[in-house]
Amino acid sequence: MDLLSINNWGVSKNGQPLGIMGPCSAETEVQMLSTAKELVHKNVHIFRAGVWKPRTRPNSFEGVGEIGLQWLSEVKKQTGMLVATEVASAEHVRLALKYDIDVLWIGARTSVNPFAVQEIADALYGRDKIVLVKNPINPDLELWIGALERINQAGIKKLGAIHRGFSTYEKLNFRNAPKWQIPIELKRRYPDLPIICDPSHIGGSRELIYDISQTALNLEMDGLMIESHIDPDCALSDAKQQVTPEVAKKITEQLLLRNHQLNDSKQINQLNNLRQQIDELDHQLISVFSQRMDRVKDIGELKKEGNVAVLQTDRWNDIITDRVNSGAGKGLSDIFIRKIFEAIHQESINKQNVIVK
Ligand code: PEP
Ligand code: MN
């Protein structure tokens, strides 16, 4: 992808993370202007508001439509902030361009759909706009990258990704599971692509915004999109996860910005030494995995001779219970041990399936 960093977007942020704030939905002109005026602050660079809302169930508030774009223009005129809204179709793009909205974002329910993303890309062809692509609701990095590529191929270089978490069937602490490894992998593959974290949609509750935002900054994400409403409890959508402009300001002031690297030479030496130890330990792990797989293969031969099923549920049950207990005694979390041993067990089954064929 041929990308410009935030520094070339025409947004001056003076070393701060990029701040995109504003209500989930545009509701009234008064709500928009009063929220926006209180958000004018050094940590806020772009004002957001959705005017077409993709609601899970019908008969919910589905946004005010075109008139909300007029209110966004008014916000821009009165505050000087850049303004952003969500687009989900070519018609939305046409209207957003008509009102000269500066930043368009593609929502999570749209980035799952290549037809819709392509339609948006075609409608945007050659325009000089900042376009942000939220992750698709399912944890599929390729689909997220595909959506970014479609927009990029329309000649849009002021491109960014928004990490807003992923839907899960189980109810977690989070509204949308962050699955941090996915944006980390996106950053590894596209180091120049700005990634903005949306702690409001990840957390689903205002109490979680600070911690999620700090985690995002610990991972050197480039900005934060935080939903802020002048009267959050009365918001027509996403009331629980919105904060007043005052709280949004406090949150951003309390966040710690991390340095990219250590500066002190003594600390750099210590870091290098510890990393060397990690490298050695990782190679030991690989060697132990390989020894373990040799035993697995021997057991596979026995299972073949005896024509015994590869999966032995009782044994697997004993293993996972024992390893989780043993890990707990060494301060390793249940979830971590389960993930590791499930992966090892799956690999063992794959190896034995080949042998018993
Ligand atoms: C939003 O930003 O208000 C929104 C609808 O978000 P998402 O697409 O992440 O659900
Ligand atoms: Mn919302």
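Read the numbers this way: they start at 1 and go in the same order the structure lists the ligands and their atoms.
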(message) Set out, in order, the CA-CA distance, both residues' side-chain angles and the distance that settles side-chain hydrogen bond (donor to acceptor under 3.5 Å, both in side chains) for Glu227 and Gln242, then state yes or no.
(response) CA-CA 5 Å; Glu227 285 189 336; Gln242 301 205 59; 4.6 Å; no
(message) The criterion is side chain to side chain donor-acceptor pair (under 3.5 Å); which residues satisfy it with Asn152, sequence neighbours excluded?
(response)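 If we apply the side chain to side chain donor-acceptor pair (under 3.5 Å) test to Asn152, skipping adjacent residues, there are no hits.
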N, O or S atom within [X] nearest to the Mn ion (ligand 2), by name:
X	answer
Glu227	OE2
Asp238	OD2
His201	NE2

(request) Verify whether one side chain among His229 and Asp238 offers a donor that lies under 3.5 Å from an acceptor in the other. (result)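 Asp238 and His229 do not have a side-chain donor-acceptor pair below 3.5 Å.
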(request) Would you check if there is a donor-acceptor pair between the side chains of Gln118 and Arg150 at a distance under 3.5 Å? (result)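 Present: a donor and an acceptor within the cut-off.
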(request) Could you tell me whether the side chain of Asn14 and the main chain of Gln16 form a donor-acceptor pair under 3.5 Å? (result)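 Here the side-chain-to-backbone pair does not exist.
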(message) I'd like to know if the side chain of Ser290 and the backbone of Ile286 have a donor-acceptor N/O pair within less than 3.5 Å.
(response)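 Not a single qualifying donor-acceptor pair exists.
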Show me the short polar-atom pairs for ligand 1: any N or O of it lying under 3.5 Å from a protein N or O, with distances only.
from	atom 1	to	atom 2	distance (Å)
ligand 1	2 (O)	Arg48	NH1	2.7
ligand 1	2 (O)	Arg48	NH2	3.4
ligand 1	2 (O)	Lys134	NZ	2.8
ligand 1	3 (O)	Arg48	NH2	3.0
ligand 1	3 (O)	Lys53	NZ	2.9
ligand 1	3 (O)	His201	NE2	3.3
ligand 1	3 (O)	Glu227	OE2	3.2
ligand 1	6 (O)	Lys134	NZ	2.9
ligand 1	6 (O)	His201	NE2	3.4
ligand 1	8 (O)	Ala108	N	2.8
ligand 1	9 (O)	Lys134	NZ	2.8
ligand 1	9 (O)	Arg164	NE	2.6
ligand 1	10 (O)	Arg109	NH1	2.9
ligand 1	10 (O)	Arg164	NH2	2.8

(message) Please determine whether side-chain hydrogen bond (donor to acceptor under 3.5 Å, both in side chains) holds for the pair Glu149 and Gln153, giving the CA-CA distance in whole Å, both sets of side-chain angles, and the decisive distance to 0.1 Å.
(response) CA-CA 6 Å; Glu149 283 172 342; Gln153 285 180 13; 5.4 Å; no
